[in-house]
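A short write-up of the structure that comes next.
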Number of protein chains: 2
Amino acid sequence: MSEFRKSDVSIIKALRRKGYKATPQRIAICRFALQSRNHPSAKRIFNKIRETYPTVSLATVYQTLKILKELSLVQELNLPQGQTRFDPYMKPHINLVCLRCGNIIDLDSPIAQEIVGKVATAAEFTVTEQHLDLYGVCEKCARKTENLNLDLSTA
Amino acid sequence: MSEFRKSDVSIIKALRRKGYKATPQRIAICRFALQSRNHPSAKRIFNKIRETYPTVSLATVYQTLKILKELSLVQELNLPQGQTRFDPYMKPHINLVCLRCGNIIDLDSPIAQEIVGKVATAAEFTVTEQHLDLYGVCEKCARKTENLNLDLSTA
DNA sequence: GTAGTTGCAAAACTTTTGCACGGCA
DNA sequence: TGCCGTGCAAAAGTTTTGCAACTAC
């Protein structure tokens, strides 16, 4: 298959190393999930992949995402209302989840690593995964509200 | 209703302050959710309340939990596989979620408050809620594995 | 060639919604 | 008494599963 990109090689290798077959669908899903910087949901990945592979099924997307989790290539973000989003940024970091626009910002901070270390020793807890999520209103949305308030007060 | 306990008074007050009626079912759900220290799921709360109010419906439990969130009396914990658990401990804290036994330990740590403050200013993000969850293996489960290994090696 | 994968459909679950009845204030 | 809340059932949504056909190795 000549459509594979250079970056696909490492994906294929990672899959095979664990005994998984590197099917075109899987590679496409992995490629999208790993390159994505906007924390897509399974459904969103599904819709995107379907543009290239119209016959792909949602079940395959879920199955592939499960493999990616197993390979420690993506993290799962569990939001309220049963929403699940995926994040290929695996370094310990803080997620800023805007409750207005739904955007999620990855925030690099030394505190993230600090927490894992300190807490693990304090509570004798072996940490395998961390989810440091702050919910609230992002700067953009906050500004929108400000403008809205101005509009209302001048109306 | 003579079955109300002293602690119910504050629940009733909190409900009425926001214009919600204090029905027996609501009080029972609130009482259980607020006193619970083991992070129950909606279903678990439902099963417990049904012992006292056999006709209560799951929809009522969800509705009441939504009110409790609105009153800032419980936090929602979103775990993998769409599991949602509830936590009446509202101080910023860290949750240690054991992936083996499913237990969740509340860990008080000054870091929790620190994060909210630092991050908020750094990213101009207005934090309304924080979920600092560390997933892994708790000390008890780790010890069980150790024993298991010993058993296997001596077999 | 063979074992693992896919795609479809249906199942399993959690959470939400609409509506008639009933109970709180 | 009036309005809100409850309970039931059904809907909506996400994730999982079973199985026949297919394909990567």
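On a predicted model such as this, the values are computed, not experimentally measured, just so you know. Numbers restart at 1 for each chain; the letters A, B, ... are given by sequence-line order, proteins then strands. All heavy atoms count here, side chains included; hydrogens, waters and symmetry mates do not.
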Report yes if at least one side-chain N or O of B:Lys43 is closer than 4.0 Å to OP1 or OP2 of C:dT14; otherwise report no.
yes
To the nearest Å, give me how far apart NZ (A:Lys18) and P (D:dA24) are.
24 Å
Could you tell me how far apart B:Asn78 (CG) and C:dT14 (C1') are, to the nearest whole angstrom?
12 Å
Near DNA chain C, which residues from residues 60-76 of chain A have a heavy atom under 4.0 Å away?
A:Thr60, A:Gln63
Would you name the heavy atoms of B:Leu73 and B:Leu34 that are closest together and state the gap between them?
O-CD2, 3.5 Å
Net bend of the helix from C:dG1-D:dC25 to C:dA25-D:dT1, end axes of five pairs each, nearest 10 degrees:
40°
Closest to the A:Thr23 side chain, choosing from D:dT6, C:dA25, C:dT6
C:dT6
Taken to the nearest whole Å, CG/A:Leu58 to P/C:dT6 is 13 Å
Pair listing, ring-ring contact (aromatic ring centres under 6.0 Å, His included) test, anchored in residues 100-130 of chain B, at least two apart:
none
Determine the minimum heavy-atom distance between A:Ala28 and A:Ile49, stating which atoms define it.
O-CD1, 3.4 Å
Between atom OH in B:Tyr53 and atom P in D:dC8, what is the gap in whole Å?
16 Å
Under 4.0 Å between any heavy atoms, over every strand shown, what does A:Ser41 touch: base, sugar-phosphate, or nothing? Just pick one.
nothing
Here the distance between atom C1' of D:dC22 and atom CZ of A:Arg26, to the nearest Å, is 14 Å
Across all chains, not counting sequence neighbours, the side-chain hydrogen bond (donor to acceptor under 3.5 Å, both in side chains) partners of A:Arg85 are none
Review item, nucleotides 8-10 of chain C N/O atoms under 3.5 Å of protein N/O:
{"residue": "C:dC8", "atom": "OP2", "partner": "A:Thr55", "partner atom": "O", "Å": "3.3"}

Run the side-chain contact (heavy atoms from CB on, under 4.5 Å) test against B:Arg17 and tell me which residues pass, sequence neighbours left out.
B:Lys13
Identify, with sequence neighbours excluded, every residue that meets side-chain contact (heavy atoms from CB on, under 4.5 Å) alongside B:Tyr20.
B:Leu15, B:Lys18, B:Arg26, B:Ile67, B:Glu70
Between NZ of B:Lys21 and P of C:dG22 the distance, given in whole Å, is 15 Å
Residues two or more places apart in sequence or in another chain: which of them pass side-chain hydrogen bond (donor to acceptor under 3.5 Å, both in side chains) with B:Arg50?
B:Asn47
Identify, with sequence neighbours excluded, every residue that meets side-chain hydrogen bond (donor to acceptor under 3.5 Å, both in side chains) alongside A:Asn95.
A:His93, A:Asp133
Of the candidates C:dA25, D:dT6, C:dT5, the side chain of B:Gln25 sits closest to D:dT6
For B:His131, ring pair (Phe, Tyr, Trp, His ring centres under 6.0 Å) partners two or more places apart:
A:Tyr135
May I have the distance from B:Tyr20 (atom OH) to C:dA25 (atom C1'), rounded to whole angstrom?
17 Å
Spacing between A:Ile27 atom CD1 and C:dT6 atom C1', to the nearest angstrom
14 Å
Using a heavy-atom cut-off of 4.0 Å across all strands, would you classify A:Gln83 as base, sugar-phosphate, or nothing?
nothing
Return the minimal non-hydrogen interatomic distance between A:Ala33 and A:Pro88, and the atom names on each side.
O-CG, 3.4 Å
Filter on salt bridge (Lys or Arg N to Asp or Glu O under 4.0 Å), then keep only pairs touching residues 86-96 of chain A, sequence neighbours left out; what's left?
A:Arg37-A:Asp87, A:Lys91-A:Asp108
The side chain of B:Ala22 is closest to which nucleotide in this list: C:dA25, C:dT15, D:dA24?
C:dA25
Contacts of B:Lys69 that satisfy side-chain hydrogen bond (donor to acceptor under 3.5 Å, both in side chains) - sequence neighbours left out:
B:Glu76
With a 4.0 Å cut-off on heavy atoms, is A:Arg50 in touch with a base, just the backbone sugar-phosphate, or nothing at all?
nothing
